[in-house]
Amino acid sequence: MAAKELASAGGGPEWEAAQRTQHKARTSAESYICENQVDSDADSAMGDMTGAVPPNCHFEVDDAEDEWIFSQQFDYVHLRLMFHAFKSHKEVMISAFEQLNPGGWMEWQDYYPHIQSVDNTIAGTALERWTRMYVEGGQRLGRDMLAPRRYKEWMEEAGFVNVVEEKLVIPGNPWPKGKDQKVMGVWQMTNFLEGLHAVSMTIFTKGLGMSPEEVEVFLVDVRKDIRNLGVHFYFLT
């Protein structure tokens, strides 16, 4: 999280961009009665809009890399899971800085998709190969998949002060000891398995030139490694 100034943000307007459900946006708006929340998503497939939307929450289809032309300044800007979305994360941070009120805050939650293992058990696996290929494919498409490693630096260069970076380790499957770590590993493994096809196909076909059939065959072995409790891999987030 980074503050535009040392003062904390008030309970005013907020803007959010994230890959997440509309339920999350509605819940957030309901929790902060004094704010006006704008939820932006570059994807026009906004899903179910039939549910009740709080009066202080509205949705806009927009691209955060375009010029920000919001009619109001914000106290809080939140982004999540955007490491693969932008050609220039720093430019988005600059736009956010300029759109924030003095004392406003920006929070960016993300993955660092360079998957690692604690004891090199990932070496030689299809999962290790997938990690390398994912980063390479993103680079060929003009996306820096390892951008989160520079978020703090870019926020400071954009003008933010009091920048705090927190790194968390999430096990990729239930290989660790301890109930809490195993439960977290099950959740992360399930999340990874369910999203693997979606996050891989464009990168591997358009970025690396593989056919969809080749990708599908490769992902069979990757899924085996994800489920393998002998591969002690983890994510940084």
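Everything numeric in this text was worked out from a predicted model, so none of it was measured.
In this structure, the side chains of Tyr112 and Lys167 stay at 4.5 Å or more apart for every pair of heavy atoms. Looking at Asp225 and Glu128, their side chains never come closer than 4.5 Å, going by heavy atoms from C-beta outward. Side-chain contact between Leu193 and Arg227 is present, with heavy atoms from C-beta onward closer than 4.5 Å. By the 4.5 Å heavy-atom criterion applied to side chains, Arg129 and Asp221 are not counted as neighbours. In this structure the side chain of Trp68 reaches within 4.5 angstrom of the side chain of Val92, judged on heavy atoms. In this structure, the side chains of Tyr151 and Leu79 stay at 4.5 Å or more apart for every pair of heavy atoms. At least one side-chain heavy atom of Ile115 sits less than 4.5 Å from a side-chain heavy atom of Phe235. At least one side-chain heavy atom of Pro171 sits under 4.5 Å from a side-chain heavy atom of Met184.
In plain terms, the two heavy atoms of Trp154 and Ala147 that are nearest each other are CZ3-O, 3.8 Å. Between Leu196 and Ile226, the shortest heavy-atom distance links the atoms CD2-CD1, 4.1 Å. Nearest heavy-atom pair across Leu141 and Gly207 is CG-CA, 3.8 Å. Across every non-hydrogen atom of Ile203 and Met133, the tightest pair is CG2-O, 4.5 Å. Thr121 and Gly230 get closest at one heavy-atom pair: CB-O, 3.4 Å. The heavy-atom pair separating Gln181 from Pro176 by the smallest distance is CB-CB, 3.8 Å.
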Check the pair Asp75 / Leu100 against side chain to side chain contact (heavy atoms under 4.5 Å, CB included), numbers first and verdict last. CA-CA 6 Å; Asp75 286 329; Leu100 281 166; 5.7 Å; no
For the pair Arg143 and His84, evaluate side chain to side chain contact (heavy atoms under 4.5 Å, CB included) and give the outcome as yes or no after the intermediate values. CA-CA 6 Å; Arg143 296 292 190 271; His84 60 302; 5.6 Å; no
Candidate pair Met106 and Phe97, rule side chain to side chain contact (heavy atoms under 4.5 Å, CB included), full reasoning: CA-CA 8 Å; Met106 179 180 189; Phe97 182 84; over 6 Å; no
Taking it one step at a time, do Trp130 and Phe192 satisfy ring-ring contact (aromatic ring centres under 6.0 Å, His included)? CA-CA 13 Å; Trp130 180 91; Phe192 195 15; 5.6 Å; yes
For Thr131 and Phe233, run side chain to side chain contact (heavy atoms under 4.5 Å, CB included): C-alpha distance rounded to whole Å, both residues' side-chain angles, the deciding distance at 0.1 Å, then the answer. CA-CA 12 Å; Thr131 301; Phe233 72 100; over 6 Å; no
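The main-chain N or O of Met189 is never found under 3.5 Å from a side-chain atom of Asn173 such that the two would form a donor-acceptor pair. At least one donor-acceptor pair under 3.5 Å links the side chain of Glu65 to the backbone N or O of Ser88. In this structure a side-chain-to-backbone donor-acceptor pair under 3.5 Å is missing from His89 to Pro148. The backbone N or O of Val163 sits nowhere less than 3.5 Å from a side-chain atom of Glu156 that would complete a donor-acceptor pair. Glu214 places a side-chain N or O within donor-acceptor distance of the main-chain N or O of Ser211, the cut-off being under 3.5 Å. Side-chain atoms of Lys152 never come within 3.5 Å of backbone atoms of Val164 as a donor-acceptor pair (strictly under, hydrogens ignored).
Within 6.0 Å of atom CG in Leu168, more than 12 heavy atoms from other residues, nucleotides or ligands are found, so the atom counts as buried in its surroundings.
Taking CD of Glu91 as the reference point, atom CD of Glu67 lies at 12.0 Å (rounded to 0.5 Å). Between the CG atom of Leu146 and the CD atom of Gln139 there is a distance of 7.0 Å, given to the nearest 0.5 Å. Note: Met82 CE to Gln109 CD = 11.5 Å, rounded to the nearest 0.5 Å. One finds the NE2 atom of His232 at 8.0 Å from the CG atom of Asn228 (value rounded to the nearest 0.5 Å). Distance check: Arg80 CZ to Trp108 CH2 gives 13.5 Å after rounding to the nearest 0.5 Å.
Phe204 and Met201 fall within the same hydrophobic cluster, where Ile, Leu, Val, Met, Phe, Trp and Tyr residues are linked whenever their side-chain heavy atoms come under 4.5 Å apart, directly or through other members. At a threshold of 4.5 Å between side-chain heavy atoms, the hydrophobic network of Ile, Leu, Val, Met, Phe, Trp and Tyr places Leu127 and Trp187 in two separate groups. A continuous path of ILVMFWY side-chain contacts below 4.5 Å connects Val199 to Ile122, so both sit in one hydrophobic cluster. The hydrophobic cluster containing Tyr111 does not contain Val186, counting ILVMFWY residues as joined when their side-chain heavy atoms lie under 4.5 angstrom apart, directly or transitively. No continuous path of hydrophobic side-chain contacts links Val217 to Tyr134 [ILVMFWY only; heavy atoms under 4.5 Å].
Side-chain atoms of Glu216 and His197 form a donor-acceptor pair, as typed in the model, at a separation below 3.5 Å.
When Leu208, Val222, Thr205 are each tested for a side-chain contact (heavy atoms from CB on, under 4.5 Å) with Val215, only one passes: Thr205.
Salt bridge Arg149/Asp144: present, at least one basic N to carboxylate O contact under 4.0 Å.
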